[in-house]
Amino acid sequence: DLHPRVRRQRQMCIRHRPFTIQSESGIVLNLDTNMIIYEKNADKQQMPAHLAQIVTALVVLDACDDLDGTKITMSQNPMSYFYDYTNQEDVRYADIMAGDTFSVREYLYAMLLESSCESAEILADYFGDGNEVQFVKKMNEKAAEIGCVGTNFTNPTGLYDSYQITTARDMLKITQYALQNDTFKEIATTASYVPTSKNANHPASNSLKWTHTNTMMDETDQYYYKGAAGIKTGNLESYGRNIITMATKGDISYLLILMKAPFDDEDGELQYYHMEDATNLLDWAFKDFSYVTLLSLIHISEPTRQAEIS
């Protein structure tokens, strides 16, 4: 005899998206169902900008067993790394000075929150044994291990290089992988951080504070989005703006990657289209998507009863 059992399955109802995305590439993942609900040019190669620092962090986390006990001194003027770089506005600093000593954990906070290029350089130098080329090789090996197929890194900072490329889909893979690391997740979703190491020769050592560049986490900012957490932004003046963030409302979470949003509108006015796109996509996802419970029947055979032989 067969009898039915009801099985409940949650699936998502998708509705129309009533807005335009300015970013050239993007992808949105529902973290609860692992379902991609939106993509635009997700396999088109783009520049990661400072998003590359996520992979810099992963290589460091693989290499360092003691994030707090491993201290590194900035032995040179941090700006000397970037004297020859054309667009100085792309270079993000965390106010780290020559002679400052911080733990690896603190450098990771500076890099992942502030997009600190001097932190990326000193970490790459230390964990590449003084050879940045070898460190970048490890970055590319890590990307390949994760399953990236359209990504190539050429530096640990994310600064402009036409050969440094990735895709929105690859950055999704990288970010999902990174979020499995509790240390990375804790750092990348922190709104602000005060380093505990004090440097006597640093004029602002006692007031140093690093704040996340994703202002969707800042309650005082016009782009504040309740429930947003981390993860990374990256801007290059000659290229555009990138953002990776996730957001949670109730028991539903989304992970979003947007790449190459224009810096300016058609009138040359400075814009933050990556933030607007992120807000629109998350609003759409949370408001216009819903779960429905599907009922299905499973037929299960009853166990055969064996006769007792006396």
Side-chain angles (χ1 to χ4, degrees), residues 17 19-29 36-56 85-92 111-112 114-115 117 120 139-140 143 146 148-176 178 188 212-216 223 225 228 230-247 254-285:
R17 177 176 51 82
F19 52 87
T20 300
I21 298 300
Q22 299 290 333
S23 300
E24 191 170 283
S25 295
I27 194 165
V28 182
L29 176 76
I36 293 173
I37 65 165
Y38 170 83
E39 61 180 272
K40 174 185 178 183
N41 298 324
D43 298 307
K44 183 173 183 177
Q45 289 184 318
Q46 306 283 12
M47 287 191 186
H50 306 88
L51 304 187
Q53 294 174 357
I54 294 175
V55 182
T56 302
Y85 187 74
T86 302
N87 293 319
Q88 286 294 314
E89 291 298 317
D90 295 347
V91 184
R92 297 297 305 264
M111 181 178 69
L112 292 175
E114 293 270 6
S115 293
C117 291
M139 292 175 66
N140 285 312
I146 292 169
C148 299
V149 294
T151 294
N152 181 65
F153 295 109
T154 60
N155 65 62
T157 60
L159 292 179
Y160 186 97
D161 186 320
S162 60
Y163 292 100
Q164 181 147 266
I165 51 174
T166 189
T167 68
R169 196 180 309 279
D170 277 358
M171 286 310 309
L172 176 64
K173 294 176 183 178
I174 289 168
T175 307
Q176 285 182 280
H212 210 297
T213 55
N214 182 6
T215 58
M216 296 177 75
Y223 293 109
Y225 196 92
I231 294 170
K232 200 78 187 72
T233 66
N235 305 320
L236 298 175
E237 274 200 349
S238 60
Y239 162 76
R241 302 185 190 274
N242 299 338
I243 186 171
I244 299 176
T245 192
M246 61 180 179
Y254 291 98
L255 177 59
L256 172 150
I257 288 89
L258 292 167
M259 306 191 75
K260 201 176 182 182
F263 258 82
D264 309 310
D265 62 19
E266 57 186 14
D267 296 321
E269 296 293 325
L270 192 66
Q271 299 295 332
Y272 297 90
Y273 288 126
H274 61 322
M275 298 289 185
E276 294 178 15
D277 288 347
T279 297
N280 286 333
L281 280 166
L282 288 171
D283 279 347
W284 170 67

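Small disclaimer: the values here were computed from a predicted structure and weren't measured. Because only heavy atoms are used, hydrogens play no part in the values below, and waters and symmetry mates are left out as well, while side chains stay in. We count residues from 1, following the sequence as given.
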Euclidean distance, I244 CD1 relative to H274 NE2, rounded to 0.5 Å
12.0 Å
Considering all heavy atoms, the nearest A261-S23 contact:
CB-OG, 3.4 Å
Kindly compute the distance separating CH2 (W284) from CD1 (I37), expressed to the nearest 0.5 Å.
4.5 Å
Which atom names give the shortest non-hydrogen contact between K40 and I21, and what distance separates them?
NZ-O, 2.8 Å
Identify the heavy atoms of A120 and P156 that sit nearest to each other, and give their distance.
CB-O, 3.6 Å
So the salt bridge (charged side-chain N to carboxylate O under 4.0 Å, His left out) pairs with at least one residue in residues 149-164 (sequence neighbours excluded) are none
Is there any salt bridge (charged side-chain N to carboxylate O under 4.0 Å, His left out) pair reaching into residues 257-267, and which pairs are they, with sequence neighbours excluded?
E24-K260
Tell me if a side-chain donor or acceptor on Q164 pairs with a main-chain N or O of T154 at a distance below 3.5 Å.
yes
Is a side-chain donor or acceptor of Y239 paired with a backbone partner of M47 at a separation under 3.5 angstrom?
yes
For Y160 and N87, does a side-chain donor sit closer than 3.5 Å to a side-chain acceptor?
no
Just so I know, are the side chains of Q22 and Y272 near enough to count as touching, which here means a heavy-atom distance under 4.5 Å?
no
Could you walk me through whether H50 and T233 pass side chain to side chain contact (heavy atoms under 4.5 Å, CB included), step by step?
CA-CA 7 Å; H50 306 88; T233 66; over 6 Å; no
Any S25 side-chain heavy atom under 4.5 Å of Q45 side chain
no
Atom pair OG1/CD1 of T151 and I174 - distance to nearest 0.5 Å:
5.0 Å
What verdict does the side chain to side chain contact (heavy atoms under 4.5 Å, CB included) test give for I54 and M171, after you've listed the backbone C-alpha separation in whole Å, the side-chain angles of each residue and the deciding distance to 0.1 Å?
CA-CA 9 Å; I54 294 175; M171 286 310 309; 4.1 Å; yes
Which pair of non-hydrogen atoms, one from P48 and one from F153, has the smallest distance, and what is that distance?
CG-CE2, 4.3 Å
CG of L255 to OG1 of T245, rounded to nearest 0.5 Å, is 8.5 Å
How many angstroms lie between OH in Y85 and CG in N155, if you round to the nearest 0.5 Å?
8.5 Å
Heavy-atom closest contact (F263 atom, L236 atom, distance)
CE1-O, 3.1 Å
Find out whether Y273 and R241 are in side-chain contact, i.e. whether some heavy atom of one side chain is under 4.5 Å from a heavy atom of the other.
no
Return yes if some donor-acceptor pair links the side-chain N/O of D277 with the main-chain N/O of M259 below 3.5 Å, else return no.
no
Could you measure the distance from the CE atom of M275 to the CG atom of L258? Nearest 0.5 Å is fine.
10.5 Å
Can you find a heavy atom in the side chain of L256 that is under 4.5 Å from one in the side chain of L282?
yes
Does CD belonging to Q88 count more than 12 external heavy atoms closer than 6.0 Å?
yes
Does the side chain of N242 come within less than 4.5 Å of Q46's, by heavy atoms?
no
Checking T215 side chain against Y223 main chain: does a donor-acceptor pair fall under 3.5 Å?
no
Backbone of V149 reached by a side-chain donor or acceptor of R169 within 3.5 Å
no
Counting N and O atoms only, with roles assigned by atom type, does the side chain of D170 sit under 3.5 Å from a partner on the main chain of G150, one being a donor and the other an acceptor?
yes
Could you pull out all residues at least two apart from H212 that satisfy side chain to side chain contact (heavy atoms under 4.5 Å, CB included)?
L113, N214, M217
If you look at every heavy atom in A52 and M139, which pair is closest and at what distance?
O-CE, 3.8 Å
Side-chain heavy-atom pair R92, T213 within 4.5 angstrom cut-off:
yes
Give a yes or no on whether the backbone of A49 and the side-chain of N235 come within a donor-acceptor separation of less than 3.5 Å.
no
